[in-house]
A.B. asks: 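Structure incoming, see below.
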Amino acid sequence: MRIEKLTKSFRRIACVAMSSAIVATLLPLPGQVASAAETIQTLVTGYQPVISERIDASGFKHPGIGFTKDILENMRTQVRAQKEPWTTYINNMLTSSSALKAPTIKNVSGDPTKPKFYGLDSQGVESQFATDSTIAYTQAILYYVTGDETYRNNAMRVIRLYAQMDPARYAPYTDAHIHTGIPLSHMVGAAEILRYTSTQTPALAWTDDDTVNFTNNLVLPVVTTFNSCNCRFMNQHLYTTI
């Protein structure tokens, strides 16, 4: 009985820590700060997206990549109740350029529906991928917390641009196995939120095509091109595979 109580207490503590860590990981770095005219309390709407938990064929429960339904729900509850440290974390996150309602997406061409680049093959392209992944993750979190469809539209736009990538246009480059992991994790984290949350706008609903294209044109090429070799020093490729 004592062990069971300790286990439940640990789970509650872990949930609190993880839910605050969701926004803490996205706090802006020096040089990445934008002016925030609003706080999260002025941005929330009356709509609260609903998370639909699902178990896939392997038995894995979604959302479960980076966070769970319980963690997300706890985070939103604490933010909307203006509790600390959640409120300070997310208000600081709002000062990031990634949190703007009109963020500057890097991988977009003259045609706003098409990507500028179709594969990862250099550190220059990688830096743009990293920027866009932070935008997608930040916007997805803000959508879930505020219910504002503007944020969902931005996050879905990033995901759908990268879902058009060409697996044949990925190529190894220096340290790709180290630096592609965190951006991919952010992209998948954003996709988890978007896929398993409700929306009031049919065009912004996650579809089966989104799953297939995002998986086949971004997730799998990154993993197979940069992270599938067990020959890396100190297993550095495991950033992504974990």
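Because the structure is a prediction, the values reported are computed rather than measured. All values below were derived from every heavy atom in this structure, side-chain atoms included, with hydrogens, water molecules and symmetry-related copies excluded.
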A.B. asks: Measure the NZ-NE2 distance between Lys69 and His62 for me, rounded to the nearest 0.5 Å.
C.D. replies: 15.0 Å
A.B. asks: Do Lys101 and Asp148 come within less than 4.5 Å of each other through their side chains, counting heavy atoms only?
C.D. replies: yes
A.B. asks: Any side-chain heavy-atom pair from Glu73 and Asp70 closer than 4.5 angstrom?
C.D. replies: yes
A.B. asks: Under a 3.5 Å threshold, yes or no: a donor from one side chain and an acceptor from the other, between Asn74 and Gln78?
C.D. replies: yes
A.B. asks: Ring centroid separation for His177 and Phe226, is it under 6.0 angstrom?
C.D. replies: no
A.B. asks: Let me confirm one number: the CE-CZ distance from Met156 to Arg195, rounded to the nearest 0.5 Å.
C.D. replies: 11.5 Å
A.B. asks: How long is the straight-line distance from OH of Tyr162 back to OG of Ser133, given to the nearest 0.5 Å?
C.D. replies: 7.5 Å
A.B. asks: Shared ILVMFWY cluster between Ile55 and Val50, side chains joined below 4.5 angstrom?
C.D. replies: no
A.B. asks: Taking all atoms of both residues into account, what is the closest heavy-atom pair of Tyr151 and Ala99, and its distance?
C.D. replies: CE2-O, 3.7 Å
A.B. asks: Check whether the side chains of Glu149 and Tyr47 place a donor and an acceptor atom closer than 3.5 Å, and report yes or no.
C.D. replies: no
A.B. asks: With rounding to the nearest 0.5 Å, note down the distance linking CZ in Phe129 to NE2 in His179.
C.D. replies: 13.0 Å
A.B. asks: Would a 4.5 Å heavy-atom cut-off, applied to side chains only, mark Pro49 and Ser198 as touching?
C.D. replies: yes
A.B. asks: Can you tell which of Asn154, Thr150, Thr134, Asn153 makes a side chain to side chain donor-acceptor pair (under 3.5 Å) with Gln139?
C.D. replies: Asn154
A.B. asks: If you count heavy atoms of other groups shown closer than 6.0 angstrom to NZ of Lys116, is the number above 12?
C.D. replies: yes
A.B. asks: Please report the closest heavy-atom contact between Asp132 and Lys106, naming both atoms and the distance.
C.D. replies: OD1-N, 2.7 Å
A.B. asks: Of the non-hydrogen atoms in Ala136 and Ala155, which two are nearest, and what is the gap between them?
C.D. replies: O-CB, 3.7 Å
A.B. asks: Report yes or no: does Thr42 contribute a side-chain atom to a donor-acceptor pair with the main-chain N or O of Thr39 at less than 3.5 Å?
C.D. replies: yes
A.B. asks: Taking the side chain as everything from C-beta on, heavy atoms only, tell me whether Ser122 gets closer than 4.5 Å to Val125.
C.D. replies: yes
A.B. asks: A cation-pi test, strictly: NZ or CZ of Arg76 under 6.0 Å from the centre of the six-membered ring of Tyr144 and no more than 45 degrees from its axis. Yes or no?
C.D. replies: yes
A.B. asks: If you take all heavy atoms of Trp206 and Ala191, which pair is closest and at what distance?
C.D. replies: CH2-CB, 3.8 Å
A.B. asks: Does the side chain of Leu194 come within less than 4.5 Å of Leu204's, by heavy atoms?
C.D. replies: no
A.B. asks: Where do Asp111 and Ser109 land on the side-chain hydrogen bond (donor to acceptor under 3.5 Å, both in side chains) test, with the steps shown first?
C.D. replies: CA-CA 5 Å; Asp111 179 345; Ser109 65; 5.5 Å; no
A.B. asks: Determine whether a donor-acceptor pair (N or O, by modelled atom type, separation under 3.5 Å) exists between the side chain of Thr215 and the backbone of Val212.
C.D. replies: no
A.B. asks: Given side chains that start at C-beta, do those of Ile65 and Glu192 come closer than 4.5 Å, heavy atoms only?
C.D. replies: yes
A.B. asks: Output the distance between atom CG (Asn107) and atom NZ (Lys114), rounded to the nearest 0.5 Å.
C.D. replies: 12.0 Å
A.B. asks: So, are Asp210 and Arg160 salt-bridged, with charged N and O less than 4.0 Å apart?
C.D. replies: yes
A.B. asks: Could you grab the distance from atom CD1 of Ile40 to atom CD1 of Ile90, nearest 0.5 Å is fine?
C.D. replies: 4.0 Å
A.B. asks: Is it possible for you to say whether Tyr118 and Val219 belong to one hydrophobic cluster, with membership spreading through side-chain heavy-atom contacts below 4.5 Å?
C.D. replies: no
A.B. asks: Taking atom CG as the centre, does Asp56 end up with more than 12 heavy-atom neighbours from other residues, nucleotides or ligands that are less than 6.0 angstrom away?
C.D. replies: yes
A.B. asks: Determine whether Met93 and Thr138 make a side-chain contact, defined as any pair of heavy atoms from C-beta on separated by less than 4.5 Å.
C.D. replies: yes
A.B. asks: Measuring only between side-chain heavy atoms, which start at C-beta, is Asp175 closer than 4.5 Å to Glu126?
C.D. replies: no
